[in-house]
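Take a look at the structure below.
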Amino acid sequence: MAGRGTTATMALERAKIPFTLHEYAHDPRHESYGTEASEALGVAPERVFKTLVAEVDGALVTGVVPVEGQLDLKALAAACGGKKAAMAQVAAAERATGYVAGGISPVGQRKRLPVVVDSSAMGFATVFCSAGRRGLEIEIAPADLVQATDARVASIGRLPAP
């Protein structure tokens, strides 16, 4: 693992939270980072989660939802006790988390943002999320992800319209 560590993996190691690291060759032409991870690792897309940064009443928060779905901004705002949510600017998300878009992890962020994990994650023994760079995923028990990020669990994901 030397040379492959990220802020996210180091945070999990420090907290003694078990995880498995999965690496794959990232293709910059792929349209969706999460779908790419699902396909490259041979994992069902409902077990692969993307990390999205949004603003709830002006404050940045992190939503973790299945890659095939979308972040329900109203549900995210409600889960955070806020009224209005909107997606954050990419530059603001990268600055706050210390990660690049497509590699933002809910774990080990530069500025510890509130995290909300979609409740669907809790139905799996393990889920996948970014390890802090494109082409690197963490496989982790959902309860451990919640513990590592001090997250709330709420229904914040929705399937895209057919």
Side-chain angles (χ1 to χ4, degrees), residues 6-22 32-38 41 43-90 92-94 96-99 101-134 136-161:
T6 64
T7 311
T9 60
M10 291 184 283
L12 291 170
E13 287 167 355
R14 259 195 319 276
K16 296 187 178 6
I17 293 175
F19 67 95
T20 305
L21 206 55
H22 297 273
S32 164
Y33 299 114
T35 305
E36 178 188 28
S38 168
L41 298 174
V43 176
E46 49 278 356
R47 284 185 58 210
V48 180
F49 285 71
K50 57 188 172 186
T51 306
L52 301 171
V53 179
E55 273 187 34
V56 173
D57 296 341
L60 292 178
V61 300
T62 304
V64 182
V65 296
V67 298
E68 280 194 324
Q70 297 171 328
L71 177 60
D72 182 333
L73 291 167
K74 283 185 180 179
L76 179 66
C80 295
K83 292 185 180 2
K84 190 172 182 214
M87 292 306 296
Q89 295 293 319
V90 172
E94 290 179 339
T97 63
Y99 297 120
I104 294 177
S105 178
V107 181
Q109 297 177 347
R110 177 181 295 147
K111 182 180 177 203
R112 196 166 174 150
L113 302 177
V115 176
V116 181
V117 174
D118 185 63
S119 56
S120 68
M122 306 315 281
F124 298 102
T126 60
V127 293
F128 293 73
C129 66
S130 178
R133 70 176 160 82
R134 297 170 187 159
L136 197 62
E137 293 280 307
I138 293 168
E139 180 179 1
I140 188 169
D144 289 341
L145 177 61
V146 168
Q147 177 191 339
T149 58
D150 197 23
R152 286 189 194 114
V153 177
S155 182
I156 59 166
R158 63 170 191 241
L159 291 174

Do [X] and [Y] have side-chain heavy atoms sitting under 4.5 Å apart?
{"X": "Lys50", "Y": "Val65", "answer": "yes"}
{"X": "Leu145", "Y": "Cys129", "answer": "yes"}
{"X": "Thr97", "Y": "Arg110", "answer": "no"}
{"X": "Arg112", "Y": "Asp150", "answer": "yes"}
{"X": "Ile140", "Y": "Leu12", "answer": "yes"}
{"X": "Asp144", "Y": "Phe19", "answer": "no"}

Minimum heavy-atom distance [X]-[Y], with the two atoms named:
{"X": "Ala8", "Y": "Val107", "answer": "CB-O, 3.4 Å"}
{"X": "Pro142", "Y": "Ala121", "answer": "CG-O, 3.1 Å"}
{"X": "Pro45", "Y": "Val67", "answer": "O-CG2, 3.6 Å"}
{"X": "Thr7", "Y": "Gly108", "answer": "CG2-O, 3.0 Å"}
{"X": "Ala37", "Y": "Val48", "answer": "CB-CG1, 4.3 Å"}
{"X": "Ile156", "Y": "Gly63", "answer": "CD1-CA, 3.9 Å"}

Sorted by chain and residue number, the side chain to side chain donor-acceptor pair (under 3.5 Å) partners of Ser119 (sequence neighbours excluded) come out as none
Identify, with sequence neighbours excluded, every residue that meets side chain to side chain donor-acceptor pair (under 3.5 Å) alongside Ser130. none
Drop me the distance from [X]'s [atom1] to [Y]'s [atom2], to the nearest 0.5 angstrom.
{"X": "Ser105", "Y": "Leu136", "atom1": "OG", "atom2": "CG", "answer": "9.5 Å"}
{"X": "Gln109", "Y": "Leu60", "atom1": "CD", "atom2": "CG", "answer": "9.5 Å"}
{"X": "Thr149", "Y": "Leu113", "atom1": "OG1", "atom2": "CG", "answer": "11.0 Å"}
{"X": "Thr51", "Y": "Tyr99", "atom1": "OG1", "atom2": "OH", "answer": "9.5 Å"}
{"X": "Ile104", "Y": "Arg133", "atom1": "CD1", "atom2": "CZ", "answer": "15.5 Å"}
{"X": "Leu21", "Y": "Glu137", "atom1": "CG", "atom2": "CD", "answer": "9.5 Å"}

For Glu94 and Ala101, indicate whether the former's side chain and the latter's backbone hold a donor-acceptor pair under 3.5 Å. yes
Under the 3.5 angstrom rule, does the side chain of Asp57 hit a backbone N or O of Lys84 as a donor-acceptor pair? yes
Set of side chain to side chain contact (heavy atoms under 4.5 Å, CB included) partners for Glu139, sequence neighbours left out: Thr20, His22, Arg47, Thr126, Phe128
